[in-house]
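Convention: sequence-line order gives letters A, B, ...; per-chain numbering from 1.
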2 protein chains.
Amino acid sequence: MAGIKDVAARAGVSVATVSRVLNDHSGVREETRARVLRAVSELSYRPNTLARSLRTDQTRTLGLVISDVLNPFFTELARAVEDEARGRGYSVIIGNADEQLALQDHHVRTLLDRRIDGLLVSPAEGDSVALREAALAGIPMVFVDRWIEGLDVPVVRTDGTRAVRDLVTHLHRLGHRRLAIITGPVASTTSNERLAAFRAALAEVGLPLPDHYIGQGDFQTASGRRATSEFFSLPEPPDAVFATDNLMALGVMEQLRTLGLRVPDDVSLAAFDDIPWFLHTDPPITAIAQPTQELGHRAVAALTDLVEGRSAGSVTLSAHLIARRSCGEDERTRR
Amino acid sequence: MAGIKDVAARAGVSVATVSRVLNDHSGVREETRARVLRAVSELSYRPNTLARSLRTDQTRTLGLVISDVLNPFFTELARAVEDEARGRGYSVIIGNADEQLALQDHHVRTLLDRRIDGLLVSPAEGDSVALREAALAGIPMVFVDRWIEGLDVPVVRTDGTRAVRDLVTHLHRLGHRRLAIITGPVASTTSNERLAAFRAALAEVGLPLPDHYIGQGDFQTASGRRATSEFFSLPEPPDAVFATDNLMALGVMEQLRTLGLRVPDDVSLAAFDDIPWFLHTDPPITAIAQPTQELGHRAVAALTDLVEGRSAGSVTLSAHLIARRSCGEDERTRR
DNA sequence: ATGACCGATGTAATCGTTTCCAAGCGCGGC
DNA sequence: GCCGCGCTTGGAAACGATTACATCGGTCAT
């Protein structure tokens, strides 16, 4: 593979000059520049980014560690992040944590070893040594969707409080009185926020939230199944279930199907995060939608601010309820 | 950030020795090795992979260019690829081509600039200059799912011929006679294979495949909608539609919903690629399932063979039909 | 005529590793 | 007592770029 030296030789100049035209520094005679450019294309030379990064100490690469690639919310987020980053001249390297702390830290370290310029992360549950060290070491870093308490890192996220309240009101109005929730991991910030909002909203309408109506999940499909099966072995099962992410909602559907129960006749269902398929499920599923794309864009904006030496603050967007048939109301009778 | 020199100084040895223990070369006294290791952990030193790769000319990184991250089939594939690669000591960098040739080539070049050791790609439609050059330049490369004709590159893929035939037989047995297909991009190998299999199977049961029953899609949701709306402005619309990927099937569902048509009463639907949600749609959707994980694993195996100097051949797995209610048969009456 | 200055280019150090080669040392065989 | 050998270790040259600094004509003001 041709190197800068080959180009220099072919153009009859020094490597310094080649480098100058490549990085368009001023002060190269027009004719020389043309000669260099010609040599570059004749050899179809491409600079070695490893060498360049080693020397300049910047990679123009952002790391993105997401919780789970199989979750459509995160892939949409990843897509938005990549788009925005590319527009700003950065590449993105994605690491999939699969909701596992160890895997997350593995990726964080790998990314850091690659000397990425900044890190975007939606942290998994638990105490991440790698993330804490990185933050302390001053690696430009932004949390997206989820975050870790006590770290001085900007957070770009969606606040679902209002939407969860709307959901509870909605369910209450439809006559549901035994509302259950399936949470994410105990230490997950988003899950806790959603749980707190749910509990507060229930209190507002004068409903209790007994412990056995709190299913302990982990944002993965299987845990939705598990929680559902526990709910329905209760003497008095819930009449509505709120899954705090879309994969657990899938798990709920799967388990209800094996139990032979129907939505919304036997139980209502709602989910956090809206995905295209929710419109075509049987029945269409009520969901709380996040402005996912904007989340990604804003996160990249914040991170590049940090990387390029500007300061960056946290951003909070808001989610909204999309009511569909899964909560009992027939949308066809509504309008 | 601490470098190998700092470690050497702290351990009281030369950088050469540090490097030797880091790469565990033999011939370092046990006591020296221990001292070095201690220094490494005291400084929490991590080797700079850029420098290392520059010197050794290998990155232990694989590039994966997929057609569309928003397509669950590809994210599942990506996940499998990453798992397998990690197991073999490689990292994976993903590029999302979004079904666009230009974006694909952008990623291919970026990946090559990063000096990845090998490239796994599921090529988009069209003549990719970047891929052709890479193949010619001898970059270790493997195609997965889709491929490009005339390039000497191993292909790891699924053959759907048999499954498509099973599907056609299934539809025919259920009384359908006007079968339509929505294809991917014209030059797409997988789409062409599926179309050819569909046409052949129709011939076998003595059914025609008129041109107006061939919807021209591009593997994206919107094209599924478009093709469906064309089908239903025909004097005689099809009574069954086969979408050659899951996103286009989503588009079909969306369009049928706006047209007020019901599956399977008004028209049957089947899709290539099975996804978890197909079980919970209204009605559950008949699909042809690929062994996606195995596809990913085998692709990585083939690529690492190439990277590590062994030879690698193509692999063809096979898909199978999963019949659900969307084709008219009520699965509950079957068993 | 001289020196300051300017624009265009080249020389060489540097980034953090790996690895080839040489060197120091102790030891056994002659 | 010397030579050669094996075992450890160190010195220094790469890898391919960027960039501070030097150089070299030439112009212009004095």
Side-chain angles (χ1 to χ4, degrees), chain A residues 1-40 43-61 91 109-117 137, chain B residues 1-40 43-61 89 91 109-110 112-117 137:
Chain A
M1 200 155 253
I4 199 175
K5 275 194 272 218
D6 306 302
V7 176
R10 176 148 198 143
V13 297
S14 73
V15 294
T17 301
V18 175
S19 175
R20 274 188 281 258
V21 349
L22 255 30
N23 298 106
D24 37 47
H25 286 191
S26 58
V28 178
R29 199 149 43 102
E30 195 44 54
E31 191 245 319
T32 317
R33 147 185 250 79
R35 229 173 37 220
V36 170
L37 256 18
R38 180 143 35 86
V40 164
L43 297 172
S44 58
Y45 163 79
R46 308 228 78 205
N48 184 325
T49 54
L50 296 164
R52 194 210 287 274
S53 296
L54 176 60
R55 181 58 231 250
T56 60
D57 203 43
Q58 58 147 327
T59 50
R60 290 208 74 82
T61 300
S91 303
R109 279 189 242 270
T110 308
L111 256 11
L112 260 25
D113 286 350
R114 280 181 196 281
R115 298 304 196 265
I116 50 159
D117 292 340
Chain B
M1 200 153 251
I4 199 173
K5 274 195 272 222
D6 305 301
V7 176
R10 177 146 196 145
V13 297
S14 73
V15 294
T17 301
V18 175
S19 175
R20 274 189 281 257
V21 349
L22 256 30
N23 299 283
D24 39 47
H25 287 189
S26 59
V28 178
R29 202 151 39 103
E30 195 44 54
E31 191 244 321
T32 316
R33 144 183 254 85
R35 229 172 38 220
V36 169
L37 256 18
R38 180 142 36 84
V40 164
L43 297 172
S44 59
Y45 162 79
R46 307 227 79 205
N48 184 324
T49 54
L50 296 167
R52 195 210 286 275
S53 297
L54 175 59
R55 181 57 230 246
T56 61
D57 203 45
Q58 59 148 328
T59 51
R60 290 208 75 82
T61 300
S91 303
R109 279 190 245 268
T110 309
L112 260 24
D113 286 351
R114 280 180 195 281
R115 298 306 197 266
I116 51 160
D117 292 339

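- A donor N or O paired with an acceptor N or O is not found under 3.5 Å between the base of C:dT17 and the side-chain atoms of B:R55.
- A heavy-atom distance below 4.5 Å is found between the side chains of A:R33 and A:D24.
- Within the model, atoms CE of A:M1 and CG of B:L112 stand 6.0 Å from one another, a figure rounded to the nearest 0.5 Å.
- Contacts of residues 11-26 of chain B with DNA chain D (heavy atom under 4.0 Å): B:G12, B:V13, B:S14, B:A16, B:T17, B:R20.
- Comparing atom distances between the A:T32 side chain and each of C:dC15, C:dA8, D:dA17 picks out C:dA8 as nearest.
- Residue B:R60 contributes atom CZ, which lies 17 Å from atom C1' of C:dT17 at whole-angstrom precision.
- Ranked by how close their nearest DNA chain D nucleotide is to the 5' end, A:L50 and B:G27 are led by B:G27.
- Listed for the A:R115 side chain is no donor-acceptor partner under 3.5 Å among the backbone atoms of A:T59.
- Between the P atom of C:dT17 and the CG atom of A:D113 lies a distance of 10 Å, rounded to the nearest Å.
- Proximity of A:T110 to A:R114: side-chain heavy atoms (C-beta onward) are separated by under 4.5 Å at one or more points.
- Using a 4.0 Å heavy-atom cutoff across all strands shown, A:G3 reaches sugar-phosphate atoms only and no base atom.
- Side chain of A:I4, nearest nucleotide from C:dG16, D:dA17, C:dA8: D:dA17.
- When the C1' atom of C:dG10 is taken as reference, atom CZ of A:R35 falls 13 Å away, rounded to whole Å.
- Between B:R52 and C:dG16 there is no side-chain N or O to OP1 or OP2 distance below 4.0 Å.
- Shown here is B:N23, whose CG atom has more than 12 heavy atoms of other residues, nucleotides or ligands within 6.0 Å.
- One cannot find a donor-acceptor pair under 3.5 Å joining the base of C:dA8 and the side-chain atoms of A:R29.
- Panel note: side chain B:T56, backbone B:R52; a donor-acceptor pair is recorded below 3.5 Å.
- Summarising the geometry, the separation between CZ on A:R33 and C1' on C:dA8 is reported as 13 Å, rounded to the nearest angstrom.
- Comparing atom distances between the A:N48 side chain and each of D:dT18, D:dG16, C:dG16 picks out D:dG16 as nearest.
- Side-chain contact check for B:S14 versus B:T17: some heavy-atom pair is nearer than 4.5 Å.
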